[in-house]
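These numbers were taken from a predicted model, which means no experiment stands behind them.
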Amino acid sequence: MKHVRPFRIKYKIMVICMTVIILPVLVMTINSYYSSERLLAQNYTTLLNDLAKQTNIRIDEFLKEIEKISLLASNGLSDNLSATHEGSFPIQDFLREGDEQHEIAAYNILMNYIMMKDRVFSIYLYNMNGGKTFCQSTSTN
């Protein structure tokens, strides 16, 4: 009967060396994967927070511009800013009377204001008294 050797020493050394090489590489790969995942999640969260802050700032700026236009439409120009020496209310005059002279004055004051801005504005004045309505935009359409 032959005596069977379970494993030769050559194979034992090979298995031990492979284990010593593969195990640390496997541990480093798993560690690197989870570290990268955490870092990407942190950077992504930071980026989204910054984007949300910038969006809030832009929305606040836009709403302030809308408020300024609304105040301009409701209060008119002050004496210091008026083209005439007395206070000027061309938008209210247009909404009240609706004639061509007041429409041109309202058009000019709104265009002067919105052309100073770096974004496209569309202004729609709706006359609730049954008079003419007015739409003004900086877009070319």
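- Taking CZ of Phe62 as the reference point, atom CD of Glu65 lies at 9.0 Å (rounded to 0.5 Å).
- Without hydrogens or angle criteria, Ser32 side chain to Met28 main chain gives no donor-acceptor distance under 3.5 Å.
- Residue Tyr34 belongs to a hydrophobic cluster whose other members are Leu26, Ile30, Tyr33, with links defined by side-chain heavy atoms closer than 4.5 Å.
- Electrostatic pairing of Lys64 and Glu67 does not count as a salt bridge here, judged by no charged N lying under 4.0 Å from a carboxylate O.
- In this structure, Val20 shares a hydrophobic cluster with Ile16, the cluster being traced through Ile, Leu, Val, Met, Phe, Trp and Tyr side chains under 4.5 angstrom apart.
- Here NZ of Lys53 is found 9.0 Å from CD1 of Ile57. Values are rounded to the nearest 0.5 Å.
- When hydrophobic residues (I, L, V, M, F, W, Y) are linked wherever their side-chain heavy atoms come within less than 4.5 Å, Val27 remains an isolated member.
- How far OH of Tyr44 is from CG of Leu51: 9.5 Å, rounded to the nearest 0.5 Å.
- For the atom pair CG (Leu40) and CG (Leu47), the distance works out to 11.5 Å, reported to the nearest 0.5 Å.
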